[in-house]
Q: 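Sharing a structure below in structure tokens format, with a few things to ask.
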Amino acid sequence: MSSWAGPEDVFLSTSLASYLDKKLLVLLRDGRKLLGILRSFDQFANAVLEGACERVIVGDLYCDIHLGLYVIRGENVVLIGELDLERQELPTHMICVSEAEIRRAQKAERDATDLKGSMRKRMEFLDLD
């Protein structure tokens, strides 16, 4: 595999040029959602966001965790989209909470998912079919 950028990489990076100096939502492979202003990018779609924050959503709760100037490796990007500054970003029923509260909610959600998975494994032996 070559380390040189191919034509498809050049197309990807030039299409990012239209997003320069605009507020974006970036969805990463690990599921994180970042918001910030695109200040720079390269041929590998590595990007620099200014005023970046991570938006964490758990149920109807959300928190924007400030990250500042943030560099994103291009291979971790799933989706990039411009945010419409005229529209409200979140539904009105969403409640903004502190970082500590959202972390507790994330842990509770993870624990519930883990419990559900372990219960399913325990019940597999029944095989009701």
Side-chain angles (χ1 to χ4, degrees):
M1 186 164 141
S2 170
S3 64
W4 294 98
E8 64 281 351
D9 296 321
V10 173
F11 175 74
L12 175 65
S13 64
T14 56
S15 66
L16 284 176
S18 64
Y19 291 127
L20 275 173
D21 300 323
K22 295 185 179 166
K23 188 169 183 181
L24 304 179
L25 169 69
V26 181
L27 179 62
L28 302 180
R29 282 191 339 192
D30 64 3
R32 288 184 295 157
K33 295 166 247 3
L34 304 179
L35 296 106
I37 299 170
L38 181 65
R39 292 300 185 201
S40 184
F41 65 92
D42 65 12
Q43 71 270 23
F44 304 108
N46 297 320
V48 177
L49 293 182
E50 181 180 37
C53 65
E54 177 183 357
R55 175 156 294 161
V56 181
I57 300 173
V58 179
D60 286 345
L61 306 177
Y62 79 95
C63 179
D64 288 340
I65 301 168
H66 180 72
L67 303 171
L69 193 65
Y70 204 77
V71 178
I72 303 168
R73 190 175 173 102
E75 68 182 24
N76 292 322
V77 175
V78 173
L79 178 91
I80 295 179
E82 183 179 356
L83 291 175
D84 185 353
L85 300 177
E86 302 297 317
R87 288 189 59 191
Q88 185 175 341
E89 288 184 20
L90 292 165
T92 54
H93 70 276
M94 299 292 288
I95 302 166
C96 183
V97 297
S98 70
E99 185 176 346
E101 287 180 78
I102 204 71
R103 296 293 183 212
R104 281 193 296 273
Q106 277 183 310
K107 183 178 181 337
E109 186 178 61
R110 259 192 321 273
D111 291 347
T113 301
D114 293 346
L115 178 62
K116 184 177 176 182
S118 67
M119 293 297 287
R120 184 172 285 142
K121 285 181 184 175
R122 290 179 191 162
M123 301 302 280
E124 282 178 355
F125 74 91
L126 291 175
D127 194 29
L128 299 174
D129 289 336

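The basis for the numbers below is simple: all heavy atoms, side chains too, and nothing from hydrogens, waters or symmetry mates.
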Q: Would you call Leu49 and Ile72 a side-chain contact if the rule is heavy atoms closer than 4.5 Å?
A: yes
Q: Could you walk me through whether Met94 and Leu61 satisfy the side-chain contact (heavy atoms from CB on, under 4.5 Å) test, starting with their C-alpha distance in whole Å, then the side-chain angles of each, then the deciding distance to 0.1 Å, before giving a yes or no?
A: CA-CA 6 Å; Met94 299 292 288; Leu61 306 177; over 6 Å; no
Q: Salt bridge between Asp114 and Arg110, side-chain N to carboxylate O under 4.0 Å?
A: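 The answer is no: the pair does not qualify as a salt bridge.
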Q: Give, for atom CZ of Arg73 and atom CG of Leu28, the distance between the pair rounded to the nearest 0.5 Å.
A: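 Going from the CZ atom of Arg73 to the CG atom of Leu28 covers 13.0 Å.
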Q: Using the rule that two of Ile, Leu, Val, Met, Phe, Trp, Tyr join whenever any of their side-chain heavy atoms come within less than 4.5 Å, decide whether Val26 and Tyr19 are in one cluster.
A: yes
Q: In Å and rounded to the nearest 0.5 Å, what is the CD to SG distance from Gln106 to Cys63?
A: 9.0 Å
Q: Taking all atoms of both residues into account, what is the closest heavy-atom pair of Glu82 and Leu24, and its distance?
A: CA-CD2, 3.7 Å
Q: Under a single-linkage definition using a 4.5 Å side-chain heavy-atom cutoff for Ile, Leu, Val, Met, Phe, Trp and Tyr, are Ile80 and Leu34 assigned to the same hydrophobic cluster?
A: yes
Q: Just so I know, are the side chains of Ile102 and Val58 near enough to count as touching, which here means a heavy-atom distance under 4.5 Å?
A: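 Yes, side chains in contact.
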Q: Distance-only, no hydrogens or angles: does the Asn46 side chain make a donor-acceptor pair with backbone N or O of Phe41 under 3.5 Å?
A: no
Q: Going from CD1 on Ile37 to CG on Leu69, what distance comes out if it is rounded to the nearest 0.5 angstrom?
A: 11.0 Å
Q: What's the spacing between Leu27 CG and Lys33 NZ if we round to 0.5 Å?
A: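 One finds 6.5 Å between CG of Leu27 and NZ of Lys33.
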Q: Taking side chain as C-beta onward, heavy atoms only, is Cys53 less than 4.5 Å from Leu35?
A: yes
Q: Roughly how far apart are Arg32 CZ and Ile65 CD1, rounded to 0.5 Å?
A: 10.0 Å
Q: Flag yes if Leu83 and Leu16 sit in one hydrophobic cluster, no otherwise; membership is Ile, Leu, Val, Met, Phe, Trp, Tyr, and two members link when side-chain heavy atoms are under 4.5 Å apart.
A: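 No, Leu83 and Leu16 fall in different hydrophobic clusters.
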Q: Identify the heavy atoms of Ser18 and Ser15 that sit nearest to each other, and give their distance.
A: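 Shortest heavy-atom separation between Ser18 and Ser15 comes out as OG-O, 2.9 Å.
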Q: So how far is it from Arg39 CZ to Leu20 CG, rounded to the nearest 0.5 Å?
A: 9.0 Å
